[in-house]
Amino acid sequence: MRELCPEAPVRAVSRSYDDDACKTGTESARWYALTVRHQQERQTERSLKYKGWETLVPVYVRRTRWSDRIKEVECPLFSGYILCHFPLEERIRVLDTPGVAKLVGFGGVPAAIEEREIEEIRLVVESGVAVRPWPYLKAGDRVRVEHGPLRRAEAGRFVGRIWVEDQDNSIVRFNGTYNAPPAAKGAVVERYFHFDSWRVNVGTGQWAPAQIYVEEEGAPGKTPRFKAQTRIWDYAAAPANKLDELTKILIENDSQVTDQASSKDVSPLESQRSWEHQAEENILARLEKGGLLAPAGPVDEVLNTVVNNLIVSANLNIEAHCRVLLTTPIETFSIGHTIVISRGLIDVLPDEASLALVLADELSHIALGHRTPTQFAFHNQTMLSDAELLQRVHFERTPQEMLEAGKKTIEIMRASPYPKTASAGLFLKALSARSSALPRLLAANLGNQVANAGALERLAEFTASAPELEENKLEQIAALPLGSRIKLNPWTDEITLIKTRPIALLSPREKMPFEVTPFVLYLTR
């Protein structure tokens with residue numbers, strides 16, 4: 001890894017054009033860039049000055065080793081270019097100067113250089129600071145100079161540090177902020193948060209933004225004190241379009257299908273179950289396509305093991321499996337025989353008993369036969385844009401269903417191999433204690449809110465058996481910080497469990513239940 005700290009700004013020009021593409025006009029003199037023949041910057045500069053034009057050819061000193069000594073040679077900072085000040089209507093005389101090749105522009109229009117940029121170049125030349133061309137910048141890159149004569153706060157420029165990987169010189173991390181422009185009289189002052197932005201390698205030479213941490217200490221009358229995490233994923237997804245469904249044609253096999261069963265007829269009960277299963281498959285496929293549901297993987301297998309333990313120990317004659325919602329808000333829901341649990345909820349659960357309690361609550365709805373929203377069996381009901389998906393797809397249960405599921409959950413947990421539910425009750429207490437401070441984290445997007453008053457009342461048996469919540473007690477872990485268990489691949493949406501070494505807590509402050517923390521990623525190619 002390498003930190004990017006340019007010595008001086010160098011803007012490379014990327015296009016030029018011939019004189020016959022120029023536009024005439026009666027503009028006042030401005031600065032333009034001229035391309036010149038190889039190693040003829042000095043001779044061409046003298047010719048332009050002889051014609052009366054003001055020029056600028058900044059140089060730097062390069063040390064060259066000869067056979068018997070080391071010699072210092074002045075070289076143009078912008079090799080192959082001369083900066084010249086002239087009215088555009090005089091461009092013919094300029095282009096007729098020996099050594100001048102073209103007038104630099106974009107899309108057939110001469111590209112005038114701002115006077116501010118010329119002054120910055122002069123400032124560097126007159127300051128005596130050693131400068132040289134920076135090899136890791138590409139045409140169009142913008143940089144922030146932290147030290148030297150060009151260091152100043154300019155609106156819209158990034159201020160901070162940039163890390164670059166040492167193979168393809170791709171930026172992998174930003175740490176800093178942006179300068180806000182001065183506010184006009186009476187206008188609202190624009191502010192930029194301080195952020196730490198990380199990119200991860202998602203393919204050969206491809207580093208995609210993945211995780212951003214924001215933190216503000218706050219100031220009276222300015223910004224509030226807060227912390228925030230932003231996670232970005234689903235890069236490989238195809239855009240959702242209602243017309244996509246019309247291009248997917250399934251051709252059935254013409255050959256006869258031999259049914260081995262003795263009866264070929266389908267009972268109403270089988271039809272109903274098939275209809276509910278079709279609705280379940282449709283909505284799960286749409287949630288996964290929309291980047292909300294992780295593809296089936298190793299994390300699901302861990303969750304399925306816990307669910308299977310609950311089913312076997314409680315002697316439930318049902319099947320159920322789990323999927324993971326990729327969003328942070330703490331929520332769960334079930335559709336058909338699938339239990340969906342959010343990534344944020346998995347992150348903060350302190351142990352397996354707490355996970356079992358959360359899964360048992362949703363398993364109870366399946367065991368009690370609570371209704372599955374079968375309108376999604378009609379495929380057009382899932383032909384929604386990603387924005388419509390969040391607005392129209394909801395799976396929260398009615399208060400009566402929640403009450404019935406609460407009683408069933410107690411039965412399942414009593415018969416389960418997770419008899420020590422004190423930690424689960426402590427987790428519910430911690431949720432309740434922070435319900436007012438973390439409203440957005442506890443607000444469900446699609447399913448059931450885990451920490452609402454009704455849920456705590458239904459599961460009061462577990463909270464009653466739990467010890468008192470003591471946040472200053474070092475050994476009492478009621479909940480973990482966000483990001484403690486799940487690692488997400490932003491390109492494929494695949495998730496895995498984080499493998500970290502255990503670290504001893506030094507103070508109760510380091511427990512950080514439900515909190516957001518900075519990101520420190522182990523970057524790999």
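Side chains are part of it too, since the values below use all heavy atoms of this structure and drop only hydrogens, waters and symmetry mates. Index from 1, following the sequence.
- Remark: side-chain polar atoms of Glu280 are paired, donor with acceptor, to backbone N or O of His337 under 3.5 angstrom.
- Side-chain atoms of Ser432 never come within 3.5 Å of backbone atoms of Leu428 as a donor-acceptor pair (strictly under, hydrogens ignored).
- Looking only at side-chain heavy atoms (C-beta outward), Tyr213 and Lys227 come within less than 4.5 Å of each other.
- Separation of the Phe427 and Phe462 ring centroids does not fall under the 6.0 Å cut-off.
- Using a 4.5 Å heavy-atom threshold, the side chains of Val200 and Trp491 count as separate.
- Between Glu331 and Leu345, every side-chain heavy-atom pair lies at or beyond the 4.5 Å cut-off.
- In this structure, Ala422 and Pro467 approach most closely via the heavy-atom pair CB-CD, 4.1 Å.
- For the pair Glu404 and His370, the tightest heavy-atom approach, listed with the atom from each and the gap, is OE1-NE2, 2.9 Å.
- Salt-bridge formation is not detected for the pair Lys511/Glu471: no Lys NZ or Arg NE/NH1/NH2 atom is positioned less than 4.0 Å from an Asp or Glu carboxylate oxygen.
- Donor-acceptor pairing under 3.5 Å is recorded for the side chains of Thr332 and Glu362.
- In this structure, Gln211 contributes its side chain and Trp198 its backbone to no donor-acceptor pair below 3.5 Å.
- Between the side chains of Ser354 and Asp351, at least one donor N or O lies within less than 3.5 Å of an accepting N or O.
- The one candidate from Leu303, Val450, Ile330 that meets the side-chain contact (heavy atoms from CB on, under 4.5 Å) condition with Ile341 is Leu303.
- With hydrogens and angles disregarded, a donor-acceptor distance shorter than 3.5 Å links the side chain of Asn304 to the backbone of Cys322.
- Not one N or O on the side chain of Thr327 forms a donor-acceptor pair closer than 3.5 Å with the backbone of Pro329.
- In this structure the side chain of Gln229 reaches within 4.5 angstrom of the side chain of Thr517, judged on heavy atoms.
- In terms of heavy-atom proximity, Asp300 sits nearest to Pro295 at OD2-O, 3.8 Å.
- From Leu284, atom CG reaches atom CG of Leu292 across 11.5 Å, with rounding to the nearest 0.5 Å.
- The pair Glu411-Lys408 meets the salt-bridge criterion, since a charged nitrogen lies less than 4.0 angstrom from a carboxylate oxygen.
- Judged by distance alone, the side chains of Thr328 and Arg343 do bring a donor and an acceptor atom under 3.5 Å apart.
- Side-chain N or O atoms of Arg434 include none that pairs as donor or acceptor with a backbone N or O of Leu442 at under 3.5 Å.
- When all heavy atoms are compared, the tightest approach of Ala478 to Leu469 is CB-CD1, 3.8 Å.
- With values rounded to the nearest 0.5 angstrom, Asp347 atom CG is found 8.5 Å from Leu480 atom CG.
- Under the 4.5 Å side-chain criterion, counting only non-hydrogen atoms from C-beta, Leu363 is in contact with Ile311.
- For the pair Gln476 (side chain) and Glu468 (backbone), a donor-acceptor distance under 3.5 Å is present.
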Task: Steps toward side-chain contact (heavy atoms from CB on, under 4.5 Å) verdict (Ile495, Lys487) - done: CA-CA 6 Å; Ile495 56 175; Lys487 181 168 63 175; over 6 Å; no

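- Between Pro209 and Ile232, the closest heavy-atom pair is O-CB, 3.7 Å.
- When atom types are taken as modelled, the side chain of Arg231 and the backbone of Leu326 share no donor-acceptor pair closer than 3.5 angstrom.
- Between Phe195 and Tyr178, the angle of the ring planes stays under 30°, which puts this pair in the parallel group of the 30/60° scheme.
- Not one N or O on the side chain of Glu270 forms a donor-acceptor pair closer than 3.5 Å with the backbone of Val266.
- Using a cut-off of 4.0 Å between Lys/Arg side-chain N and Asp/Glu carboxylate O, Asp234 and Lys289 are scored as not salt-bridged.
- Ala377 and Asn282 get closest at one heavy-atom pair: O-ND2, 3.4 Å.
- Using a 4.5 Å heavy-atom threshold, the side chains of Thr496 and Asn489 count as separate.
- Side-chain N or O atoms of His394 include one that pairs as donor or acceptor with a backbone N or O of Gln391 at under 3.5 Å.
- By the 30° and 60° cut-offs, the orientation of the rings of Trp275 relative to Phe378 is perpendicular.
- Here Ser274 contributes atom OG and Leu269 contributes atom CG; the two are 11.0 Å apart, rounded to the nearest 0.5 Å.
- His194 and Glu215 are not linked by any side-chain donor-acceptor pair at a separation below 3.5 angstrom, with hydrogens and angles left out of the test.
- Taking a 6.0 Å sphere around CG of Asn380, one finds it holds more than 12 heavy atoms contributed by other residues, nucleotides or ligands.
- Side-chain atoms of Phe519 and Arg173, non-hydrogen and from C-beta on, never get closer than 4.5 Å to each other.
- Ring geometry, Phe376 versus Phe395: the interplanar angle falls from 30° to 60°, so the pair is classed tilted.
- Val340 is not listed as a side-chain neighbour of Leu446, based on a closest heavy-atom distance of 4.5 Å or more.
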